[in-house]
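First the proteins, then the strands, lettered A, B, ... as listed; each starts at 1.
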Amino acid sequence: SQTIHQWPATLVQPVGSPLSLECTVEGTSNPNLYWYRQAAGRGLQLLFYSVGIGQISSEVPQNLSASRPQDRQFILSSKKLLLSDSGFYLCAWRTVSYEQYFGPGTRLTVT
Amino acid sequence: SQQGEEDPQALSIQEGENATMNCSYKTSINNLQWYRQNSGRGLVHLILIRSNEREKHSGRLRVTLDTSKKSSSLLITASRAADTASYFCATVLYSTLTFGKGTMLLVSP
């Protein structure tokens, strides 16, 4: 069965510091992968999605970037964090019928 | 902009009661999905209903879809304290899935 991992689970970083969040998927090949951000009490905002290695689509202009160096690895990065980057970051993969399966998430607090 | 909008934003009921949440959307869809999110956790896929379906059941869950009104409802029957969570609808059009802001359900023992 498919499993999706995210780490770290929580992160506290100062403003201006770099960021790297990792997501890996097991049990499926060539998955479509997604990064979402969820602000407190809000819905999910799609940040990036990837249909394959090296293929990244950005949904909103922002301080973040994404990369897909391997088939089942999806990385979210920032060179310099802003206070507004705080939130709950979720990685997901989708099935052929567009059901999405989410990782446990990373709680990022920028101080 | 968000495609799905859930109503109510928050719902508080007693164990054993039924909980109904609604979702309205603005454009055509291929399918509509419901997800649950426990506090501080990732979302869990509950059920998918296709645009040509009107009703679907899964255990204590019943989902309806009215494409003429662009709305869907999620009914949880005989609720339990463990059903306490946020519930999100998500619409799919072609390859895009868009989430609403969710309904927070509190089920008290």
Chemist: Out of curiosity, does B/Leu106 fall in the hydrophobic cluster containing B/Met104 (side-chain heavy atoms, cut-off under 4.5 Å, transitive links)?
Modeler: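 No; tracing contacts between hydrophobic side chains, which count when under 4.5 Å, never links both residues.
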
Chemist: Indicate if B/Tyr94 and B/Leu48 have the same hydrophobic cluster label, given that clusters are the connected sets of ILVMFWY residues with side-chain heavy-atom separations under 4.5 angstrom.
Modeler: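 No, B/Tyr94 and B/Leu48 fall in different hydrophobic clusters.
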
Chemist: Dump the intermediate steps for side-chain contact (heavy atoms from CB on, under 4.5 Å) on A/Tyr36 and B/Leu97, then the final yes or no.
Modeler: CA-CA 11 Å; A/Tyr36 291 90; B/Leu97 186 146; 4.0 Å; yes

Chemist: Group every Ile, Leu, Val, Met, Phe, Trp and Tyr by side-chain heavy-atom contacts under 4.5 Å, then state whether A/Leu83 and A/Leu108 land in the same group.
Modeler: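 Yes.
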
Chemist: When you look at CZ of B/Arg60, are more than 12 heavy atoms from neighbouring residues, nucleotides or ligands closer to it than 6.0 Å?
Modeler: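 Correct, the count exceeds 12.
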
Chemist: How far does OG1 of B/Thr96 sit from CD of A/Glu59, to the nearest 0.5 angstrom?
Modeler: 6.5 Å

Chemist: Linking I/L/V/M/F/W/Y whenever their side-chain heavy atoms sit closer than 4.5 Å, directly or via other members, would B/Met21 and B/Leu65 fall into one cluster?
Modeler: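 Looking at the clustering, B/Leu65 is in the same group as B/Met21.
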
Chemist: If I measure from the heavy atoms of chain A, does B/Leu43 come under 4.5 Å with its side chain, its backbone, both, or neither?
Modeler: both

Chemist: Could you tell me which of B/Gly40, B/Gly102, B/Ala90, B/Ser86 has the largest number of non-hydrogen atom pairs under 4.5 Å with chain A?
Modeler: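 Of B/Gly40, B/Gly102, B/Ala90, B/Ser86, B/Gly40 has the most heavy-atom pairs under 4.5 Å with chain A.
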
Chemist: Count the heavy atoms belonging to other residues, nucleotides or ligands that lie under 6.0 Å from OH of B/Tyr87, then report whether that count exceeds 12.
Modeler: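 More than 12 within 6.0 Å, yes.
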
Chemist: Are A/Trp35 and A/Trp93 linked, directly or through intermediate hydrophobic residues, by side-chain heavy-atom contacts shorter than 4.5 Å (ILVMFWY only)?
Modeler: yes

Chemist: I need the B/Asn31 CG to A/Tyr98 OH distance, nearest 0.5 Å.
Modeler: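 One gets 9.5 Å once the value is rounded to the nearest 0.5 Å.
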
Chemist: Need one label for A/Leu46: side chain, backbone, both or neither, based on atoms under 4.5 Å from any heavy atom in chain B.
Modeler: neither

Chemist: Given a strict heavy-atom distance threshold of 4.5 Å, which part of A/Tyr101 is in contact with chain B: side chain, backbone, both, or neither?
Modeler: side chain

Chemist: Give me the atom names and distance for the closest heavy-atom approach of A/Gln100 to B/His45.
Modeler: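 Shortest heavy-atom separation between A/Gln100 and B/His45 comes out as O-CB, 3.8 Å.
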
Chemist: Could you check whether A/Gln38 and B/Gln37, counting side-chain N and O atoms only, form a donor-acceptor pair closer than 3.5 Å?
Modeler: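 B/Gln37 vs A/Gln38: donor-acceptor pair found between side chains.
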
